[in-house]
Each structure stands twice: as C-alpha cells, then as structure tokens.
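What follows is a set of notes on a single structure, which appears directly below.
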Amino acid sequence: MNKVRKAIIPAAGLGTRFLPITKAVPKPMLPVLDKPTIQYITEELTEVGIEEIIIVVSPNSGVIENHFGIAENLEKRLLEDGKQKLYDIALNTRKFNVKFAVQTVANGLAGAILCAEPFIKDEPFALLLGDELLCAEKGQTPCIKKLVDIFEKTGKSVIATMEVFGDQVSMYGNIGYDKEENGIMQVNQIVEKPSVNDALSNNAIIGRYVIAGGVMEKLKKLTPRNNEIYFTDVLDELAMKGELLASGFEGNRYDVGDKAGYIKANVEMALKSGEIGQEIKEYILDLANRI
Ligand code: G1P
C-alpha cells in the first residue's frame, strides 16, 4: 500500500549552538516571529493526508507537548473576553494528531527514527527534520506534498534535494543519479558529507523524505560505525537497488538550526506579516543605508 499516513519529525537535538536559551527552552520551541519552529513543520503537513505526526523529542521537552495540547485556562479566558481571533490561534495548535517519542541517547538521525518505530511499525512515513523550514509561496506545491505524491505514484522512497556549489557540498548528504525525467532523479548512490573532490553531483539532500515501508528492520540490521548507525547507509542501500528517487522543490528553505539561518527566517517571516511587515520593511531599508 502506497498511502503515507504517518510522519516523523526528529527534534531531539540539544541545541547547544543556541545556548544559553536552550538551557531551559527546547530548541523546537524557539520562535520564528510568533510561532515555534516545530509548529511551522507540522503545518507543512496540512493537506498532505497525514493522520499522525510523531515528534521525537529529548527528555524534559514537556513544553512541546503543552504547545500541542489543551491550554484550559487560556482558552476559557480568551472565550470569556470575546477574543475569538486569539482563541482560534491558540486552538489551531491542537488540530494535529501529535504523538511523542523520547530519544534518551544522542545517537543520530537513525536512532531518532528508530524511537518512532512503535508508532510506525512497517508502514511508509514522511520524515521532516526539525532544523529546517520549507516554505512554499502561494501557488507552489509544498515540498513534502510533492514527495508524498511521487511516492504514492511510484511506491519508491524519495528525498528532496537542492543544488549546492563549492565547499557547500561537504555540509550535506550528496546523491549520484543515472537519469532525470520530469525533474525526478533515479538515485544510484549516496555519500554523507563528501569532500569537494568526492562529491557525486551538486545535489544535496535536504531534510524532507518519504520512506517506503519496512525501513525500521533495515535500520536494525545496520552495522554501527563509531558506535552510531547512519540513516544514510539505508538510503545508499535503497539507491543501489534502484529504489530511491530524488526531486527538487519549490519555495524557500531556512536552516533554523543555524544562528544566521534562524535570523534570516525571522526577518523574512516578519516581512511577510500583515501586522508588522510594512514597519519592518521601512526599518530594513533605513538600516541598509546606515550599515
Ligand atoms: C542530515 C543528513 C544529511 C542532510 C542534512 C540536511 O545531516 O544526515 O544527509 O543533508 O541532514 O540538513 P545533519 O544536518 O543532521 O548533520
């Protein structure tokens, strides 16, 4: 069955790059404008037909659960005060069917995916890395929707890629491919963060995937390297068997796990805001003259 019903969002990183804020606030709760990054990612799944979202969190991430749960006092108060718009905003965070899996050992992406196994079993799933926001503009197909469509049509796992140049290839998983048809590449090899000379192409893997059923068993069979198992090894196995596709995406990608990427995401979301967009635009134009 090629229907994708579940999604995993690995979001258990400690966020040490953002200390001291991440000492007490889990990284997925850092706001871009007025929404935590984790909410943007769940919203990418709207209208994709996903029935259950499994967020993999680190221990002590209760506030993430609170964010997606009921806030009885707040909701009651907003209703009593007739603040319907704010009530809707608060309620909006509850519309997702979110489950939580706790990753107690920091053993990488494959480890995070395995934490979600009790929810996924041998089903296919969408995988959205918590450090990246993918924002489609009006009229564009959201990245994860595009991947789900490709999977449901072909039955093959599919990953999103973007073009990178120079030293940048060493920051990402990298794909080799045989042929490209209608923007869909047939992947034949994967290397994780290659040196510039070892790169197979200019196509870097970004944090959006749809993975065919049965991958958990494959992950368990992997041989660890440096005490860690690598998700890339499973992707490479699929690639070698001709069972992995790749596709570009429409829209903008923000690396919110990185300080500069996080600030850029905030600036762009602020510019798009109906509430403060104009003020921020004027401010940026003025600032540009002064720096
Ligand atoms: C992970 C993946 C890598 C991918 C990247 C995208 O790496 O292992 O293949 O290119 O996400 O952001 P990480 O950023 O966790 O080191």
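Both ligands and their constituent atoms are indexed starting at 1 by order of listing.
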Fill in the blank from the handout: A student comparing V191, V164, N174, I205 should find that the heavy atom closest to atom 5 (C) of ligand 1 comes from I205
Problem - Heavy atom of the protein closest to atom 11 (O) of ligand 1 (residue, atom name, distance) - result: L129 CD1, 3.4 Å
Problem - Ligand-residue contact atoms, ligand 1 with G173, heavy atoms, under 4.0 Å - result: 3 (C), 4 (C), 9 (O), 10 (O)
Exercise for the section: Indicate, as side chain, backbone, both or neither, the part of D131 found under 4.0 angstrom from ligand 1 when only non-hydrogen atoms are considered. Expected result: neither
Handout entry: Sub-4.5 Å side-chain heavy-atom contact between F125 and V215
Key = yes
Handout entry: Residue D178 excluded, over 12 heavy atoms near CG under 6.0 Å
Key = yes
Practice task
Quickly, which of I54, N60, I55 forms a side-chain contact (heavy atoms from CB on, under 4.5 Å) with V57? Name it, please.
Solution key: I55
Problem - Proximity of Y40 and Y254 rings by center, below 6.0 Å - result: no
Problem - Donor + acceptor pair across side chains of S195, D198 (<3.5 Å) - result: yes
Practice task
Indicate whether atom 7 (O) of ligand 1 is within a distance of less than 4.0 angstrom of some protein heavy atom.
Solution key: yes
Exercise for the section: Tell me, please: is K193 in heavy-atom contact with ligand 1, that is, under 4.0 Å? Expected result: yes
Practice task
Please say whether more than 12 non-hydrogen atoms of neighbouring residues, nucleotides or ligands are located less than 6.0 Å from NZ in K35.
Solution key: yes
Practice task
Indicate, as side chain, backbone, both or neither, the part of M171 found under 4.0 angstrom from ligand 1 when only non-hydrogen atoms are considered.
Solution key: neither
Problem - Close side-chain approach of T104 to P59, heavy-atom, < 4.5 Å - result: yes
Handout entry: N/O separation below 3.5 Å, T232 to ligand 1
Key = no
Practice task
Looking only at distances, please establish whether an N/O atom of ligand 1 is found under 3.5 Å from an N/O atom of E132.
Solution key: yes
Completion exercise
Per-atom filter on ligand 1: closer than 4.0 angstrom to a heavy atom of E192 are 2 (C), 3 (C), 7 (O), 8 (O), 9 (O)
